[in-house]
Amino acid sequence: MIKFDKDNLLFNLITKNTGYIFCIYKGKFPVHIHYGRQVSDITDVELTFPHMRRAFSPDDNFSDKTFSTDTLPMEYPFYGSCDFRSPALHAQYIDGSRVTVCDYEGYEIEKGKPDIKGLPHTYQDKDAECETLKIFLKDNLKGLKITLCYSVFEEKDIITRNVIIENQSDDPIRLNRTLSMTMDFDNMDYDFVHLFGSWANERHIQRTPLINAAITIDSKRGTSSHQHNPFFALVGKNTTEDMGDAYGFGLVYSGNFIAGAEVDQFGTTRAFMGINPFNSGWMLEKGESFYTPEVVMTYSHKGIGQMSRNFHNIIRDNLIRGKYKKAERPVLINNWEATYFNFDEEKILNIAKKAKDADIDLMVLDDGWFGKRDDDTTSLGDWFVDENKLPKGLKSLGEKVNSLGMKFGLWFEPEMVSAQSELYKAHPDWCIHIKGRHRSEARQQLVLDLSRQDVREYIIKVVCDILSSAPISYVKWDMNRHLSEVGSATLEPERQVELNHRFVLGLYEVLEAITSRFPDVLFEGCSGGGGRFDMGMLYYHPQIWTSDDSDAIERLYIQQGTSLIYPASSMGAHVSAVPNHQVGRVTPIDTRGNVAMAGQFGYELDLNNLPQEEFDAVKLQVKLYKKIRHIVQWGDLYRISSPYETNHAVWQYTSQDKTEIALFITTILGKPSARFENARLKDLEPDKIYIETLSGKEYTGAMLMNIGVYFRDNVDFNSQLMVFRVK
Ligand code: GLA
């Protein structure tokens with residue numbers, strides 16, 4: 001609900017458990033008042049924020065010397081006048097001046113949620129009504145109009161923000177910095193939580209107190225990256241999984257971003273998030289509008305766990321689209337770690353046949369099926385089948401897989417070109433590069449310039465042709481390097497700086513065209529594992545390969561971090577061979593199965609190479625996963641123990657109707673005289689009886705929540721999966 005108090009120009013955005021309040025102070029300045037638990041009435045705005053004048057703070061409010069924007073909590077700060085903290089917006093005008101001063105012009109409230117042109121975004125659907133508030137601001141001297149958009153998903157405790165910047169002058173305006181949001185907090189008593197990492201080591205959790213400086217995470221790599229995820233949380237110093245304040249911010253964007261929290265001279269905090277202004281900018285011509293990506297925000301007073309569940313709900317229900325939004329996802333097997341580039345039709349069919357014996361739903365053919373790609377040195381861009389490996393073509397292979405009773409899926413890396421390829425020979429200017437400069441290759445490949453329409457058309461055509469040529473039900477869409485020597489052969493010099501953002505816009509256009517033409521195909525995103533695991537990609541790809549590290553123990557950390565914002569249904573997780581190909585670790589088949597079953601389940605090995613007893617275990621895993629996948633994919637996640645803080649990871653998923661529970665317990669290192677640990681379940685009905693379906697044992701909800709389930713950390717990498725059902 002959006003309440004407007006016209007006497008005080010006060011906006012109160014109310015969700016089930018939260019409230020977000022700001023006012024137009026003195027009829028002119030949008031000033032942030034509160035985000036947190038609901039405050040339904042404000043008697044006097046003057047009481048809601050400290051607005052004393054301070055030394056060295058200029059007066060931007062003319063004759064009224066009682067305050068300065070340098071010390072007010074601003075809703076969307078501009079550079080150039082009296083607020084010296086980091087601004088949300090920095091623009092440059094035709095006369096060279098770089099000062100923006102906007103006045104409030106009015107507001108609009110509308111039902112639903114408008115699209116954000118060219119960008120992915122959350123949307124309203126019938127189960128989650130939403131309302132949108134638009135605040136109009138204008139710099140009358142320079143003709144710059146700003147629309148601050150707030151959409152309120154009341155039932156989901158989610159508020160989204162995005163900004164539209166319009167040039168209403170006769171001259172071009174250069175936008176140097178266009179953040180999607182800032183939010184001022186009146187103190188610095190928070191910890192900053194973020195997800196950092198590297199290839200095969202993504203989304204590790206770091207929690208650090210705010211300091212009297214700025215903490216910034218970002219990407220300058222052209223994609224959201226393995227290194228930092230476009231997400232952070234500000235949580236109270238005593239906040240735990242289940243208690244305390246937790247503010248979460250996630251950006252629906254897949255390119256260079258910046259996010260963080262800056263503490264100012266008086267110990268107030270400005271949180272911020274948006275497109276990275278570094279090496280970026282946009283020339284806005286007369287009459288044109290620029291759209292920032294959307295930030296999804298949530299607040300929970302019930303700790304980090306509830307913050308995560310709020311994100312999971314909005315992502316599953318109001319970001320992910322298409323057939324697989326609600327459909328249970330298939331169990332897949334992928335040949336990458338089974339064969340790498342060394343396969344032929346027979347090998348793939350042998351893997352598929354064995355997988356069918358285990359009732360696996362989908363056979364995915366990974367890299368190496370096209371051009372002359374026997375290793376990673378060639379052929380990206382040459383999307384025609386390699387007849388040496390598959391003489392009868394993809395159609396024949398797909399049909400043979402189908403005749404086993406399985407679906408068939410295929411890997412692509414459409415944004416790339418190998419220097420050794422027909423495509424590169426024909427179009428050496430199609431890649432991102434700067435004339436005369438060395439073109440740095442990574443994994444022997446270059447990035448196609450998706451700012452170009454001819455390149456986008458080529459990609460759409462080749463991918464659609466392949467998808468129409470064979471019975472393909474699934475696509476793994478990979479992206480295996482970042483952008484260097486960022487330049488385009490076709491952009492005018494003054495627009496070269498726009499290339500990073502134009503690349504992302506081009507990618508979204510290509511993805512929209514292909515995914516809408518093939519609505520029945522399940523798309524899984526990938527970027528050297530989870531190098532582009534963000535809400536932007538989830539708009540097109542309901543699931544993403546979480547990491548190239550498939551080791552069960554490494555995955556405990558990666559999946560724990562990923563789950564802070566992203567739901568299990570989006571998190572590709574596979575059982576692979578031992579010794580593990582990334583870290584050499586040997587873990588039991590049950591543990592590999594249990595860790596992968598906590599996500600979007602599949603296999604990444606040749607089941608023909610397993611001893612019979614392990615293959616029997618695989619059969620049981622697939623059978624069990626199919627019984628519990630609705631709990632994992634659509635249920636509520638409660639993290640009970642963190643591998644970052646304890647010697648084990650314990651996760652509970654509760655089905656939406658609260659009658660079924662899957663409990664995953666995994667030990668990291670065994671301790672010979674380990675004490676008994678107990679996993680206390682969360683949010684059950686105390687008086688109901690819960691039957692553990694695998695053992696038949698019965699517990700009350702109160703027992704499970706207060707006494708818990710006992711286990712011992714006495715064996716390395718041990719794990720258990722328990723499934724409860726209300727009697
Ligand atoms: C990336 C992916 C892997 C695999 C390879 C193929 O690294 O993350 O899963 O598809 O590419 O080259």
Side-chain angles (χ1 to χ4, degrees), residues 112-125 149 151 160 162 164 180 222-224 230 250-257 275 282 288-294 296 314-327 383 409-416 430 447-468 472-479 498-527 532-544 570:
K113 186 166 188 297
D115 288 350
I116 304 178
K117 201 173 151 209
L119 287 167
H121 53 83
T122 55
Y123 58 87
Q124 160 174 278
D125 78 351
C149 306
S151 294
T160 66
N162 65 286
I164 305 167
S180 302
T223 77
S224 50
L251 189 65
V252 188
Y253 191 61
S254 311
N256 288 349
F257 72 94
I275 294 178
W282 197 267
E288 284 180 352
S289 293
F290 181 83
Y291 294 77
T292 76
E294 170 176 284
V296 177
I314 196 86
I315 290 173
R316 283 189 304 223
D317 295 348
N318 304 92
L319 180 71
I320 285 170
R321 301 175 297 166
K323 173 174 165 182
Y324 283 95
K325 173 177 168 176
K326 295 274 173 189
W383 299 108
L410 199 60
W411 179 96
F412 285 92
E413 197 178 350
E415 297 153 72
M416 296 291 153
W430 272 18
V447 184
L448 286 172
D449 178 359
L450 299 193
S451 73
R452 293 176 61 144
Q453 196 182 344
D454 49 1
V455 172
R456 296 196 296 273
E457 280 169 4
Y458 170 80
I459 295 176
I460 293 169
K461 179 163 185 343
V462 282
V463 174
C464 288
D465 284 354
I466 297 274
L467 294 185
S468 316
I472 295 166
S473 311
Y474 160 106
V475 166
K476 178 174 171 187
W477 183 294
D478 210 340
M479 200 282 185
E498 298 172 8
L499 183 54
N500 274 312
H501 185 52
R502 284 184 182 273
F503 176 84
V504 180
L505 293 177
L507 170 66
Y508 291 151
E509 186 186 308
V510 164
L511 289 171
E512 185 65 36
I514 296 173
T515 54
S516 57
R517 206 165 314 164
F518 294 91
D520 292 334
V521 171
L522 171 61
F523 284 80
E524 176 154 355
C526 179
S527 176
R532 198 164 54 182
F533 205 129
D534 58 60
M535 286 196 280
M537 294 313 285
L538 286 172
Y539 188 66
Y540 306 96
H541 298 158
Q543 59 193 58
I544 296 177
S570 68

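Just so it is clear, the structure is predicted and the values come from calculations on it, not from any experiment.
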Test side chain to side chain contact (heavy atoms under 4.5 Å, CB included) on S254 and T223; report intermediate values, then the result.
CA-CA 5 Å; S254 311; T223 77; over 6 Å; no
| message | Applying ring-ring contact (aromatic ring centres under 6.0 Å, His included) to Y540 and F523, what does each step give before you reach the verdict? | response | CA-CA 7 Å; Y540 306 96; F523 284 80; 9.6 Å; no
Given the rule in the side chain to side chain contact (heavy atoms under 4.5 Å, CB included) test, do K117 and I164 qualify, once you have shown the distances and angles that lead to the verdict?
-> CA-CA 10 Å; K117 201 173 151 209; I164 305 167; over 6 Å; no
In sequence, state the C-alpha distance, the side-chain angles, and the governing distance for V463 and W383, and then conclude on side chain to side chain contact (heavy atoms under 4.5 Å, CB included). CA-CA 8 Å; V463 174; W383 299 108; 5.7 Å; no
Between I315 and M535, is a side chain to side chain contact (heavy atoms under 4.5 Å, CB included) present by the stated rule, with each step listed?
-> CA-CA 8 Å; I315 290 173; M535 286 196 280; 3.8 Å; yes
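For Y458, the ring pair (Phe, Tyr, Trp, His ring centres under 6.0 Å) partners are W430, not counting sequence neighbours. By the side-chain hydrogen bond (donor to acceptor under 3.5 Å, both in side chains) test, S451 is found to be paired with D449, residues two or more places apart in sequence or in another chain being considered. Residues satisfying the salt bridge (charged side-chain N to carboxylate O under 4.0 Å, His left out) criterion with E413, sequence neighbours excluded, are absent altogether. Residues passing the salt bridge (charged side-chain N to carboxylate O under 4.0 Å, His left out) test with R321 are E512, sequence neighbours excluded. Listed by chain and residue number, nothing satisfies the salt bridge (charged side-chain N to carboxylate O under 4.0 Å, His left out) test with E524 (two or more places apart in sequence, or in another chain). Applying the side-chain hydrogen bond (donor to acceptor under 3.5 Å, both in side chains) test to D478 and every residue at least two apart in sequence or in another chain returns W411, N480. Here K113 pairs with T122, E294 under the side-chain hydrogen bond (donor to acceptor under 3.5 Å, both in side chains) rule; sequence neighbours left out. Shown here are the side-chain hydrogen bond (donor to acceptor under 3.5 Å, both in side chains) partners of S570, two or more places apart in sequence or in another chain: there are none. Taking the ring pair (Phe, Tyr, Trp, His ring centres under 6.0 Å) definition, one finds that Y539 meets it with H121, sequence neighbours left out. In terms of the side chain to side chain contact (heavy atoms under 4.5 Å, CB included) criterion, residue partners of K325 (sequence neighbours excluded) are, by chain and number, Y123, D125, I320. Scanning for side chain to side chain contact (heavy atoms under 4.5 Å, CB included) contacts around Q453 gives R456, E457, with sequence neighbours left out. Contacts of F518 classified as ring pair (Phe, Tyr, Trp, His ring centres under 6.0 Å), with partners at least two apart in sequence or in another chain: none.
Using modelled atom types, no side-chain atom of S473 and backbone atom of G409 make a donor-acceptor pair closer than 3.5 Å. Not a single donor-acceptor pair under 3.5 Å links the side chain of N500 to the backbone N or O of G222.
Here the straight-line distance linking atom CG of L319 with atom OG1 of T160 works out to 11.0 Å at 0.5 Å rounding. Atom CE of M479 is separated from atom CE of M537 by 8.5 Å, given to the nearest 0.5 angstrom. The OG atom of S224 sits 10.0 Å away from atom CZ of F533, with the distance rounded to the nearest 0.5 Å.
Counting only heavy atoms from C-beta outward, the side chains of L410 and K476 never approach each other to under 4.5 Å. Side-chain contact between E509 and L450: absent, with no pair of heavy atoms (C-beta onward) separated by less than 4.5 Å. Between L251 and D534, every side-chain heavy-atom pair lies at or beyond the 4.5 Å cut-off. Residues V475 and H541 form no side-chain contact, since every pair of their non-hydrogen atoms from C-beta on lies 4.5 Å or further apart. With a 4.5 Å cut-off on side-chain heavy atoms, E498 and F503 do not count as touching. At a threshold of 4.5 Å between non-hydrogen side-chain atoms, the residues V252 and N162 do not count as touching.
The heavy-atom pair separating I544 from R532 by the smallest distance is CD1-O, 3.8 Å. Summarising the geometry of G255 relative to V504, their closest heavy-atom pair is CA-CG2, 3.6 Å, with the distance given to 0.1 Å. Listed here is the closest heavy atom pair of L448 and P414: CD1-O, 3.5 Å. Heavy-atom minimum distance, P293 versus S180: O-OG, 2.7 Å. Annotation for A513 and I460: closest pair CB-CD1, 3.7 Å, computed over non-hydrogen atoms. Taking each heavy atom of Q124 and G112 in turn, the nearest pair found is OE1-CA, 3.5 Å.
Aromatic ring centres of Y253 and H501: separated by under 6.0 Å. A centroid separation of 6.0 Å or more is found between the aromatic rings of F412 and W477.
With I459 as the partner, the side chain to side chain contact (heavy atoms under 4.5 Å, CB included) test is satisfied by one option alone out of L507, D454, V510: V510.
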